[in-house]
**Q** 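A single structure is presented below for examination.
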Amino acid sequence: MILVSSCLIGLEVRYNGTHCLQREINKLVEEEKAVAVCPELLAGFSIPREPAEIVGGNGGDVLDRKARVMTKMGTDVTELYIKGAYRTLEKAQEMKATLVVLKENSPSCGSAMIYNGEFTGDKIAGNGVTTALLNRNGFSVISEEQFLRNIQN
Ligand code: SF4
């Protein structure tokens with residue numbers, strides 16, 4: 001069974017109430033090959049919510065309390081992001097996920113790139129908090145971009 005980001009199957013769960021539908025990923029859910037989760041909703045965030053970025057490192061640094069997750073207005077939401085990561089890990093373990101496909105660039109779900117913490121739209125190499133925790137627990141996480149490249153080849 002595959003675990004995927006909820007926003008990738010068209011659920012309007014992003015901070016601004018939008019989605020990032022990828023039809024090929026939604027098809028996995030329709031065929032009962034995948035289950036969708038949103039780490040930020042599992043953490044208790046609502047829709048809409050303030051955008052947040054990792055400041056001072058990547059998802060692994062957040063787990064190690066060496067970097068923080070801050071909203072654009074300056075609220076520290078680090079602990080909620082970590083909570084969402086652990087809730088998602090529980091889900092992945094319960095369903096024995098063989099693959100995890102998460103939305104690139106997100107401070108929770110990014111697997112190769114994240115925003116740089118300055119709210120300028122610029123990205124840096126790094127992963128999100130949920131991806132880092134899943135990786136540390138042996139789960140393979142790829143982005144929707146990587147997934148689509150894989151099925152096209
Ligand atoms: S990128 Fe992850 S945390 Fe953000 S809306 Fe999508 S599923 Fe939720």
Side-chain angles (χ1 to χ4, degrees), residues 1-30 33-55 57-63 67-73 75-95 97-137 139-149:
M1 191 63 99
I2 303 170
L3 186 67
V4 301
S5 286
S6 295
C7 55
L8 292 174
I9 67 159
L11 299 180
E12 295 174 332
V13 294
R14 296 184 70 221
Y15 72 96
N16 57 1
T18 63
H19 62 76
C20 317
L21 175 65
Q22 292 289 344
R23 294 192 187 284
E24 292 300 330
I25 292 174
N26 188 42
K27 211 166 108 188
L28 295 174
V29 174
E30 288 172 350
K33 293 177 183 163
V35 167
V37 294
C38 173
E40 291 174 19
L41 290 194
L42 289 179
F45 283 103
S46 52
I47 309 164
R49 54 190 173 276
E50 262 193 83
E53 296 187 5
I54 297 174
V55 177
N58 58 32
D61 297 321
V62 173
L63 292 174
R68 313 296 295 169
V69 188
M70 305 294 294
T71 71
K72 196 172 183 181
M73 296 298 285
T75 304
D76 187 331
V77 287
T78 304
E79 297 309 320
L80 278 173
Y81 271 71
I82 292 174
K83 180 179 169 189
Y86 275 93
R87 289 267 168 90
T88 306
L89 174 62
E90 282 168 21
K91 188 87 185 163
Q93 288 172 330
E94 275 167 25
M95 62 185 271
T98 50
L99 177 65
V100 185
V101 183
L102 299 183
K103 174 76 183 73
E104 194 60 286
N105 306 321
S106 152
S108 293
C109 292
S111 54
M113 301 295 288
I114 52 173
Y115 288 103
N116 70 356
E118 295 176 1
F119 296 93
T120 54
D122 295 316
K123 296 166 200 163
I124 53 172
N127 56 11
V129 184
T130 294
T131 299
L133 186 65
L134 290 171
N135 284 157
R136 284 185 182 184
N137 285 274
F139 290 97
S140 175
V141 181
I142 61 171
S143 69
E144 74 282 15
E145 297 158 3
Q146 184 65 54
F147 176 80
L148 294 173
R149 275 198 296 273

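This structure is a prediction, so every number in the text was calculated from the model and none was measured. The figures that follow rest on heavy atoms only: side chains count, while hydrogens, waters and symmetry mates do not. Each ligand, and each atom within it, is numbered from 1 in the order the structure gives.
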**Q** With a cut-off of 6.0 Å (strictly less than), are more than 12 heavy atoms of other residues, nucleotides or ligands near CZ of R136?
**A** yes

**Q** Quick one: which ligand 1 atoms are inside 4.0 Å of a heavy atom on R14?
**A** 5 (S)

**Q** Taking 4.0 Å as the limit for heavy-atom contacts, which would you say applies to S6 with ligand 1: side chain only, backbone only, both, or neither?
**A**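 For S6, the contact with ligand 1 is made by the backbone alone.
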
**Q** Within a 6.0 Å radius of atom CZ on R87, are there more than 12 heavy atoms belonging to other residues, nucleotides or ligands?
**A** no

**Q** Considering heavy atoms of the protein only, find what lies nearest to atom 7 (S) of ligand 1 and give residue, atom and distance to 0.1 Å.
**A** S5 CB, 3.5 Å

**Q** Apply the side-chain contact (heavy atoms from CB on, under 4.5 Å) test between T88 and each candidate in C109, S108, S5, P39; give the one that qualifies.
**A** P39

**Q** Is M113 close to N105 at the side-chain level, that is, under 4.5 Å between some pair of heavy atoms?
**A** yes

**Q** Measure the shortest side-chain to side-chain distance between L148 and E24 over non-hydrogen atoms and say whether it is less than 4.5 angstrom.
**A** yes

**Q** Go through ligand 1 atom by atom and flag the ones less than 4.0 Å from a non-hydrogen atom of V13.
**A**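 So the answer, numbered in order with elements, is 5 (S).
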
**Q** Pick, from E40, E12, E144, R49, the option with the minimum heavy-atom distance to atom 3 (S) of ligand 1.
**A** E40

**Q** Side-chain contact, heavy-atom cut-off 4.5 Å: E53 with I114?
**A**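 They are not in side-chain contact.
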
**Q** Which atoms from ligand 1 have a heavy atom of K103 less than 4.0 Å away?
**A** 1 (S)

**Q** Side chains of S111 and L102: closer than 4.5 Å at any heavy-atom pair?
**A**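 Result no, sub-4.5 Å side-chain heavy-atom pair not found.
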
**Q** Hey, which atoms in ligand 1 end up nearer than 4.0 Å to a heavy atom of C7?
**A**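 It comes down to these atoms of ligand 1: 1 (S), 5 (S), 6 (Fe), 7 (S).
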
**Q** Taking both backbone and side chain into account, is any N, O or S atom of C109 nearer than 2.8 Å to atom 6 (Fe) of ligand 1?
**A** no

**Q** Is there an N/O/S atom in C38 that lies less than 2.8 Å from atom 8 (Fe) of ligand 1?
**A**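 C38 does place an N, O or S atom closer than 2.8 Å to atom 8 (Fe) of ligand 1.
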
**Q** Of all the atoms in ligand 1, which lie at a distance below 4.0 Å from a heavy atom belonging to V37?
**A**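 Listed by number with element: 7 (S).
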
